[in-house]
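For reference, the structure is listed below as structure tokens.
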Amino acid sequence: MSRDKTIKEMQAEVDTYISQFKEGYFSPLAMLARMTEELGELAREVNHYYGEKPKKLSEDEKTIEEELGDLLFVITCFANSLNISLEEAHDRVMHKFNTRDKDRWTRFENTGE
């Protein structure tokens, strides 16, 4: 059984992969375009699965999981190219949600059970 990878390990794995090519990481603008493309593909899959637009018979079968993976790869490349730790970014956003937005949503009642 394999263990889950940390975000830091995923960033290192992507960096090892990209570092083997002379081209390296794309520019930030090119990666933003790639991110937008991948997000569009994810939206299309979600629309096919949950929306009113069925897939054409000629379209390849892709999964939401596959499209999320593609988007995660591009986000990881983007962060790596700008020397951003996704773990630290995650910690910052969770702090924000746990402080600034702590009373924004209706919580489940704690019954003490």
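The first residue in the sequence is number 1, and the count goes up from there.
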| said: When you compare the side chain of Val14 with that of Asn80, does any pair of heavy atoms fall below 4.5 Å? | reply: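 A side-chain contact under 4.5 Å exists here.
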Considering all heavy atoms of both residues, which atom of [X] and which atom of [Y] are nearest to each other, and what is their separation?
X	Y	result
His95	Thr99	O-OG1, 2.7 Å
Leu86	Gln11	N-OE1, 2.8 Å
Glu45	Thr63	OE1-N, 4.1 Å
Asn98	Lys102	O-CB, 3.3 Å
Leu82	Pro28	CD2-CG, 4.0 Å

Just wondering, are more than 12 heavy atoms of other shown residues or ligands nearer than 6.0 Å to [atom1] in [X]?
X	atom1	value
Glu9	CD	yes
Arg100	CZ	yes
Phe26	CZ	no

| query | Does the Arg104 side chain pair with the main chain of Phe97, one donor and one acceptor, at a distance under 3.5 Å? | reply |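 Side chain of Arg104 to backbone of Phe97: no pair is present.
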| message | Test your reading of the model: is there a side-chain donor-acceptor pair from Gln20 to the backbone of Tyr17, 3.5 Å cut-off? | response | yes
| query | Would Val93 end up clustered with Ile75 when hydrophobic side chains under 4.5 Å apart are linked, directly or stepwise? | reply | no
Which distance, rounded to the nearest 0.5 Å, do you find between the [atom1] of [X] and the [atom2] of [Y]?
X	Y	atom1	atom2	result
Ser19	Tyr25	OG	OH	5.5 Å
Glu67	Leu72	CD	CG	12.5 Å
Glu13	Thr16	CD	OG1	7.5 Å
Leu71	Ile64	CG	CD1	13.0 Å

Got a list of side-chain donor-acceptor pairs under 3.5 Å for residues 29-42, not counting sequence neighbours?
residue : atom : partner : partner atom : Å
Arg34   : NH2  : Glu38   : OE2          : 3.1
Thr36   : OG1  : Leu32   : O            : 2.9

